[in-house]
Number of protein chains: 4
Amino acid sequence: MDRVRNVTGKTKRLPRYVREQQMLDAAVQMFARRGYHAASMDEVAELAGVSKPMVYLYLGSKEELFLACIRREAGRLLDAFAGQVNQADAPDQQLWHALRAFFVLVAENRDSWRVLHQQAPAHGEPFAGEVAAMRTAIIAFAADLIDQNIRSRGVSEATEHDVSALAHALVGAGESLADWATEHPDEDPATTARRLMNFAWMGLDNLLHGSIWRP
Amino acid sequence: MDRVRNVTGKTKRLPRYVREQQMLDAAVQMFARRGYHAASMDEVAELAGVSKPMVYLYLGSKEELFLACIRREAGRLLDAFAGQVNQADAPDQQLWHALRAFFVLVAENRDSWRVLHQQAPAHGEPFAGEVAAMRTAIIAFAADLIDQNIRSRGVSEATEHDVSALAHALVGAGESLADWATEHPDEDPATTARRLMNFAWMGLDNLLHGSIWRP
Amino acid sequence: MDRVRNVTGKTKRLPRYVREQQMLDAAVQMFARRGYHAASMDEVAELAGVSKPMVYLYLGSKEELFLACIRREAGRLLDAFAGQVNQADAPDQQLWHALRAFFVLVAENRDSWRVLHQQAPAHGEPFAGEVAAMRTAIIAFAADLIDQNIRSRGVSEATEHDVSALAHALVGAGESLADWATEHPDEDPATTARRLMNFAWMGLDNLLHGSIWRP
Amino acid sequence: MDRVRNVTGKTKRLPRYVREQQMLDAAVQMFARRGYHAASMDEVAELAGVSKPMVYLYLGSKEELFLACIRREAGRLLDAFAGQVNQADAPDQQLWHALRAFFVLVAENRDSWRVLHQQAPAHGEPFAGEVAAMRTAIIAFAADLIDQNIRSRGVSEATEHDVSALAHALVGAGESLADWATEHPDEDPATTARRLMNFAWMGLDNLLHGSIWRP
DNA sequence: TATGAATGAGAGTTCATTCAT
DNA sequence: TATGAATGAACTCTCATTCAT
């Protein structure tokens, strides 16, 4: 009933791409708030202002719709995180820019973040895999920066395995802070990014200087 | 058909408590591997070697069953993490013991970890809340240790808010490493714990010494 | 499989209202013959020539379906009984017309009568209440006629309570005769109505003339 | 937990007949208040202070239990109604005694009345038939009295069919008044019986004197 | 293009009923 | 005698999905 209508009273015919984006927007919102299973195709269609068969016509099935959501949002996140980095910068500067972009994105797109972080991994393949791939890319990016840092100082005891572990820890810390920031809306994303830089990068620095914690 | 039978060929009658634990074991496994919705009560019952009505008789409903799983596993995790710590130890020693116990538990109970970390938060209330409460307790524990450390050195610029953020980052890093360790079965849990101590604790140390990262 | 199909062999698509009436028809029949609990939604749907989800989509739930049946049939009965009465007629004429319409309706809609008289009161609230309300209306109608009759003769010993009891007796006699007529299909409804008029109205007449039975 | 126990703390072993009556008491109560289907064997057993298998051992099945209830209560009602009548009395005296006994019984055993009047007929054979048989006996009794009355006056236009209809009307009026009396606990059963005698018997009298209502 | 009408398939849940002790 | 433990079988209800127009 709320669908956009033109002056003749007929339903407005929008180009396919626009309609698709509307549906994806609606789907992301529903999946984030209700969860994948509890979100019904009926509700998605209604929120998108379209009839159910349209959703099927454009997106195929509930699984494909969910996948399309995941892909779109994962792409956006990757773009934000890694896309705008200047490879000529120092590693810490690169990480800093990436993290800040990430926290900004999450703050502005909570539903998107919940779909990627909370929903997709819980519903098995192929959804979990899609997010896992994105996460792997991010971790690789972090690992690369850590590696650059290490090499630039000539320290080299750390294996690839060690670096990978550090990158995982760094990303996990970032994800957790993203959730935390969600509950503190007055926290500036840049501040959150600085917190993480201090927590993580400084710890790495220490290791590089040989001060190691032992039980 | 697969029910346990004794030599006389008759169905084994077990006391209620035993059967309940069997059902919870089966449920944790099914929920972890298939996901909450995809896991059917039929499958849970079959895996537990019991008929469906028994599951309902003892555990009430699918929701209550899931909650019971979450509560049991959350309790175990909390016990492992915070239960065996000696308050007389230095903060870093306390954290170290807790983390080691945590990584050991996760390594030995992957399904349990997946239920808590991957399934419960994805399915809304009351499940998410139950895990959130446990996580809050763990974060408080970590925050407390960080606080002790700060005070013992007389440094005091950090607000409670800052400490909370650090604790969230630390716990997030631990969760991420737990997942990572799951894919590296030959990694010793103690080693994983040491990685995290080095990544996190040393970073904190740095902060305490006043070396701060700035953009 | 038995659904109505047109010559092209395709499923007939009927407007919502028509389908709803078909479902109610089927439901009344099933509830009357099998009883509320023994009637399954599967059977109702099949008899209506529709799939089960349609019944749920249009009527909501088994309880709501039963209620809808009761309401429709109670409405029809009330209309038949009280709807066509001319208030200008003498009380006995009014009652006579009402009773005749009632016995005609019951003779032509046995299932409907059984749902109202036999099923609904046996299954507690809200079903019993719905029929009780209709019955109360009918009894009030009868009581009113009795009252008019009394007043028209200036006799006035009878309290409201007494009149109510008489009305209940009259209606109970009518219900019982309705059941009895059901087993005597060759009995003309008008005859049945006349029987009741003689049994009831004449008895009242007597009372009004002061001839009272005493133990 | 509330079962009767002797001093040794063991469950009291009561003779079979006593236990059976306890179970029937409990069953009548449950069937009357919840309805046949909604009453569960669990609840019946608990209310009777017995374990479920005992109910099955003594009464056979839910159907047989319900039948046993119906038979016991129908027997009591028949006894009350027709059992205490002195055949030497005049017909109106006989009817009066029977009705008074009936209204007394209903007033004191509401659950019993609801099982017979409300539940049994709603649940098909063999339950409905059992009550129908009892009702037939009562109607036959009434018809006989009416018949005696007619013959004693030498009036004989009335066929057996007519008399049967009158008896049905009389009994229906009685049933309806029984329900009505249930809602007016301060009404004396004898008064209710007198109401019915006046309503019914006097109406019959009229007919016998040739004053007939015509449309 | 767009949709109201319709359904296949399967889930959770609840009993009456019966073993095994 | 008496019962805690256990289940077969059904039933209500819900969706993702697809016709027919």
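By convention in this document, chain letters (A, B, ...) are assigned in the order of the sequence lines, proteins followed by strands, and residues within each chain are numbered from 1. Computed from a predicted model, the values in this text were never measured in an experiment.
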Enter the distance from [X]:[atom1] to [Y]:[atom2] here, rounded to the nearest 0.5 Å.
X	Y	atom1	atom2	value
D/M41	D/S61	CE	OG	7.0 Å
B/M30	B/L47	CE	CG	6.5 Å
B/Q22	B/L24	CD	CG	10.5 Å
B/E63	B/L67	CD	CG	7.5 Å
A/Q21	A/R19	CD	CZ	13.0 Å

C/M54 or A/Y58, whichever maps to the more 5' nucleotide of DNA chain E =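 The 5'-side residue here is A/Y58.
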
Would you say F/dT1 has OP1 or OP2 under 4.0 Å from some side-chain N or O of D/R19?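 Indeed not, no polar side-chain atom of D/R19 lies that close.
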
Does E/dA6 have OP1 or OP2 under 4.0 Å away from a side-chain N or O of C/R16?
no

Mind checking what makes salt bridge (charged side-chain N to carboxylate O under 4.0 Å, His left out) contact with B/R16, not counting sequence neighbours?
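Listed in chain order: B/E20.
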
query: Which is true for C/L57 with a 4.0 Å heavy-atom rule: it touches a base, it touches only sugar-phosphate, or it touches nothing?
result: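 C/L57: no heavy atom of the nucleic acid under 4.0 Å.
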
Can you check nucleotides 10-14 of chain E for protein contacts, nitrogen or oxygen pairs under 3.5 Å, and list what you find?
{"from": "E/dG12", "atom 1": "OP1", "to": "B/K62", "atom 2": "NZ", "distance (Å)": "2.6"}
{"from": "E/dG12", "atom 1": "OP2", "to": "B/M41", "atom 2": "N", "distance (Å)": "3.0"}
{"from": "E/dT13", "atom 1": "OP2", "to": "B/Y56", "atom 2": "OH", "distance (Å)": "2.8"}
{"from": "E/dT13", "atom 1": "OP2", "to": "B/K62", "atom 2": "N", "distance (Å)": "2.9"}
{"from": "E/dT13", "atom 1": "O4", "to": "B/K52", "atom 2": "NZ", "distance (Å)": "2.6"}

For [X] and [N], what is the distance between atoms [atom1] and [atom2] respectively, to the nearest whole Å?
X	N	atom1	atom2	answer
C/Y17	E/dA5	OH	P	15 Å
C/E46	E/dA6	CD	P	17 Å
A/L65	F/dC15	CG	P	16 Å
D/E64	E/dA16	CD	P	15 Å

Those residues at least two apart in sequence (or on a different chain) that pass ring pair (Phe, Tyr, Trp, His ring centres under 6.0 Å) with A/F127 are A/Y36, A/F66

Residue pairs passing the side-chain hydrogen bond (donor to acceptor under 3.5 Å, both in side chains) test with at least one member in residues 122-131 of chain C, sequence neighbours excluded, are C/R71-C/E130

#### Entry: Paired stretches of DNA chain F - 3 or more consecutive Watson-Crick or G-U pairs, each distance under 3.5 Å
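As far as DNA chain F goes, consecutive pairing (with distances under 3.5 Å) yields the stems E:2-21 with F:2-21.
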
Here the salt bridge (Lys or Arg N to Asp or Glu O under 4.0 Å) pairs for residues 109-118 of chain A, sequence neighbours left out, are A/R33-A/D111

